[in-house]
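These notes are about the structure you will find just below.
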There are 2 protein chains.
Amino acid sequence: MENKNISMAVIKRMPRYYRYLGDLLDNDILKISSKDLAQKMGITASQIRQDFNNFGSFGQQGYGYDVRLLYHEIKRIIGIDKVYSIIIIGAGNIGQALANYQNFKRRGFNIIAMFDKNPKLIGELIGKLEVLDIETLPKFLEDNSVDIAVLSIPKLEAEKVSETIISGGVKGIWNFSPVDIKAPEGVIVESVPLTDSLMTLSYRLSEESILERINLHK
Amino acid sequence: MENKNISMAVIKRMPRYYRYLGDLLDNDILKISSKDLAQKMGITASQIRQDFNNFGSFGQQGYGYDVRLLYHEIKRIIGIDKVYSIIIIGAGNIGQALANYQNFKRRGFNIIAMFDKNPKLIGELIGKLEVLDIETLPKFLEDNSVDIAVLSIPKLEAEKVSETIISGGVKGIWNFSPVDIKAPEGVIVESVPLTDSLMTLSYRLSEESILERINLHK
DNA sequence: TACTTTCTGTTATGATTATATCATAAAGCA
DNA sequence: TGCTTTATGATATAATCATAACAGAAAGTA
């Protein structure tokens, strides 16, 4: 009942709120005003209040927000009060890194299997997970409920594998390949454009050095 | 002289254009209209023309864009026609994955050193790089020119290390830690919020399943 | 060469997103 | 208890961003 088309801009900010509220709790701070939180986060208080009010009224006039309450509300809103089952496709560098990353498990993201097509990797243990043959993926998807598939495979294979995943009924794809995954309605693709991000950094560095040169001329 | 405050929205789209133009070249397509490119990318032709025109006039009426020319212009705009020297701080999972990722080197991002504080890792070889003691980082920064530092260390250490980096004169930080790095003017921080991204996926999956339930009721 | 089509760069409009304002409710305090 | 302060949620305004419209230049064609 809290669903009146929330904009992506708002959604993308929620995890950051969640992180800051977690930090407040770690420091035993149990109330906070939008003004104070805004200052901490470097944004406007107005934006914070607007963002929260997309989902309900969690604060109280003259008091502010109960941090513990707000933290749990946001947790519920983001949907991380549930447990998700995840498979990792591609046991290369990034796949292995994600498999070993403990934070995900702590937050209810359970990696239940890993796949690769490389015979040298199949059968190997990454953390506590054995790498399975990607040929067995369709069967695996029939037998197991998978919420999210991580795509950490090269560009050229990503498109084909994504079709397998989608026809296997997986609704969420966390994509690390530098391609745009085509997915039907109902399937969510969230991409982590590593290369793009590095290029953005490159752009901003170049821009900065241009500005610097201009300043030197003055 | 192409610097009239380009919006971040535009900047973030440039690497994607670059990728698509590269694909066109790979397929020997040497001219393209904004209309055709728009269709390929799933955006409007208007946006494409506006985006490019922030940086100059690269097309020709009645013809379209010369792919090769545009590709190189965008390369120059993004700033990846240069070579960058990079150090990786934190030789854990993500740090190792990035060190082994060949694509970066190909694009002119040269990883020249890796640091960690873990005695078990110091001295180890990751790819062709020896992991150096993070205690030696300040000295290293004195002796070497470093354009970009990758921060792939735990949250709690990220803030302290970022100070070391900044006072060592590094102008670009590619941050993989789930903290907001405070940096003075002139230092660019580009973050890859992995956890946030996964949470966004979680939100969108939950939202989707709510919509599904509503549809079933009809 | 004349005419039509294509397609850019630019300007105008529309939509979305962020910020400021304000009425009002609770809290703090004398 | 009455008055002041704080701070929300809602509404109004401003800024940003995306799309549409259009004039005109080059390309294609008869």
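Naming: A, B, ... by sequence-line order, numbering from 1 per chain.
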- Query: Are A/Val179 and A/Glu159 close enough that some pair of their side-chain heavy atoms sits under 4.5 Å apart?
  - Reply: yes
- Rounded to whole Å, the CZ-P distance (A/Phe58 to C/dA26) equals 18 Å
- Any side-chain donor near an acceptor of the partner, A/Tyr17 and A/Asp51, under 3.5 Å: yes
- Message: If you assign each of A/Gln50 and A/Asp36 to its closest nucleotide in DNA chain D, which residue comes earlier from the 5' end?
- Response: A/Asp36
- Find which nucleotide of DNA chain C each of B/Tyr63 and A/Gly62 is nearest to by heavy atoms, and output the residue with the more 5' nucleotide. B/Tyr63
- Message: Applying a 4.0 Å non-hydrogen cut-off, can you work out what B/Tyr65 is touching in the nucleic acid: base, sugar-phosphate, or nothing?
- Response: sugar-phosphate
- Which class fits the ring pair A/Tyr84 and A/Phe109: parallel under 30°, tilted 30 to 60°, perpendicular over 60°? parallel
- B/Ser7 vs D/dC17: side-chain N/O to OP1/OP2 distance below 4.0 Å: yes
- Considering just the side-chain nitrogens and oxygens of A/Arg49, establish if one lies under 4.0 Å of OP1 or OP2 belonging to C/dA18. no
- OP1 or OP2 of C/dT10 sitting under 4.0 Å from any side-chain N/O of B/Asn53? yes
- side-chain N/O B/Ser46 vs D/dA18 OP1/OP2, d < 4.0 Å: no
- Query: Between A/Thr44 and C/dT19, is there a side-chain N or O to OP1/OP2 distance below 4.0 Å?
  - Reply: yes
- Using whole Å, report how far CG of A/Asn54 lies from C1' of C/dA18. 12 Å
- Is there a donor on the side chain of A/Gln61 or the base of C/dT24 sitting less than 3.5 Å from an acceptor on the other? yes
